[in-house]
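In each ligand, atom 1 is the first atom listed, and ligand 1 is the first ligand listed. All figures in this text were calculated on a predicted structure; none of them were measured in a lab.
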Amino acid sequence: MHLTRDEESICRGEHGESLRRMMEILVALGDIYGADRLIQVRSVQIAGVSFKNIGEAGLEWISDLQGTVIVPSILNPAGMDLCRWKEMGIDGDFAARQLQVVQAYERLGVTLDCTCTPYQIYDRLASRGDHLAWSESSAVSYANSVIGAKTNREGGPSALASALIGKTPLYGYHLDENRMPTHLITVDAELQGADYGALGILAGRAVKDGTPLFRLKGKPSLDELKTLGAAMAASGSVALYYVENVTPSPPEQSVPGEIVALGRREIDEIFKDCSAGEPELIALGCPHCSERELERIAELLDGRAVQKELWVCTARKTAQMHPELVEKIEQSGAKVLCDTCMVVSPASGRYRKIMVNSGKALTYVPGLCGVEACFGSTERCIDAALGRD
Ligand code: F3S
């Protein structure tokens, strides 16, 4: 990989040991994937925040680093609501460790918004054509597909390296030649809401790490695109997709070789696939709820009291910008939790069964939380929380 004189001096350790180590990560990645140089990134989103996932070794690694991030950098969800962790049943030891992780990032200048939906709270992080170094798979998918920016799916260390160096190796989804659709997915059904999560599960399974181009009947909203991308990134490892006449187009017109035809029957199977038994926890907000989603939940709960634990996960900024919605939701007895989610928090582990409206959460909850999961639309989830099922 060709390095500039400045980059070479960082490699020699002339800017300190931490930056040398960060550059080592970027150069190693570039060499593995055949990048010929590093490119500037506009922003970074860093996974590896929940203490549940990174443990002592991760905390130590981050705490050892010196320096300051030189591009806007934001964190992925942590293992708890940083303010209301006691209400989540998080124990004091975990909370202390989690706060140390967040403080270690803060010391490096990272913005302390712990969210997988940075695009819902800041416009300045990504625009069409920008190169980024984002980590969280649903955020990566949204950035590549809906915003039309360019990012690989970074690991926590490589994202942090990009934040401190301001660059990433030029390979993968940064290059137009790797952004062409590989599969055409036709859907012969009108879809809405959680249907897109079900479609994402099916499409991810079908294309694996490919790039699907969807031909849909309707026009999905931004929240539905968010849901679709998140589920595909979980059931497969899709980092980029296209929806005809909705998202930015592929770099060149072409018809993908492989065709997958899906319809209502396949989508409904995903909803039916749930094992029997009442959920003990209903968890919404995977990816983190937008203002519109909070509005919908508040509307469905209006004036009623939940009979079961209901979590609504969102970014702290989103909650702060809409206190009236938070209040309305919480009047029902539900909890609006910030900075965290049902998958990355250890608090989910004490339930036997969780109901979600997200294809991504449905895919990850059993394996990562050791808890059964079932799937329903937002309306069905709220009905379950209200004890109407
Ligand atoms: Fe976000 Fe957690 Fe889902 S990080 S995409 S809410 S698994």
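Every atom of ligand 1 is numbered from 1 in the order shown, and the set under 4.0 Å from a heavy atom of Pro77 is 4 (S). Here is the list of ligand 1 atoms found below 4.0 Å of a heavy atom in Val343: 7 (S). Shown in contact with Ser138 at under 4.0 Å from a heavy atom are these atoms of ligand 1, numbered in order with element: 5 (S).
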Test His288 against Thr314 for side-chain hydrogen bond (donor to acceptor under 3.5 Å, both in side chains), laying out the working first. CA-CA 4 Å; His288 276 171; Thr314 190; 5.7 Å; no
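Looking at atom 1 (Fe) of ligand 1, its nearest protein heavy atom turns out to be Cys116 SG, 2.3 Å.
Under a 4.0 Å heavy-atom criterion, Gly285 is in contact with ligand 1.
Annotation for Arg215: atom CZ does not count as buried by contact number, only 12 or fewer foreign heavy atoms lying within 6.0 Å. More than 12 heavy atoms of other residues, nucleotides or ligands sit less than 6.0 Å from atom CD of Glu56.
Taking the six-membered ring where the residue is Trp, Phe94 and Phe51 present perpendicular rings, their angle passing 60° and hence far from 30°.
Residues Leu108 and Ile62 have side chains in contact (heavy-atom distance under 4.5 Å, counting atoms from C-beta outward). Glu224 places a side-chain heavy atom less than 4.5 Å from the side chain of Gln192.
Atom 5 (S) of ligand 1 has its nearest heavy-atom neighbour, among His288, Met342, Lys360, in Lys360.
Residue contacts to atom 3 (Fe) of ligand 1: Cys286 brings an N, O or S atom closer than 2.8 Å. Among the atoms of Cys341, an N, O or S atom is found under 2.8 Å from atom 2 (Fe) of ligand 1.
Residue contacts with ligand 1 for Glu136 involve side-chain atoms from C-beta outward but no N, CA, C or O (heavy atoms, distance under 4.0 Å).
Of the inter-residue distances, the one linking Cys289 atom SG with Ile297 atom CD1 reads 4.0 Å to the nearest 0.5 angstrom.
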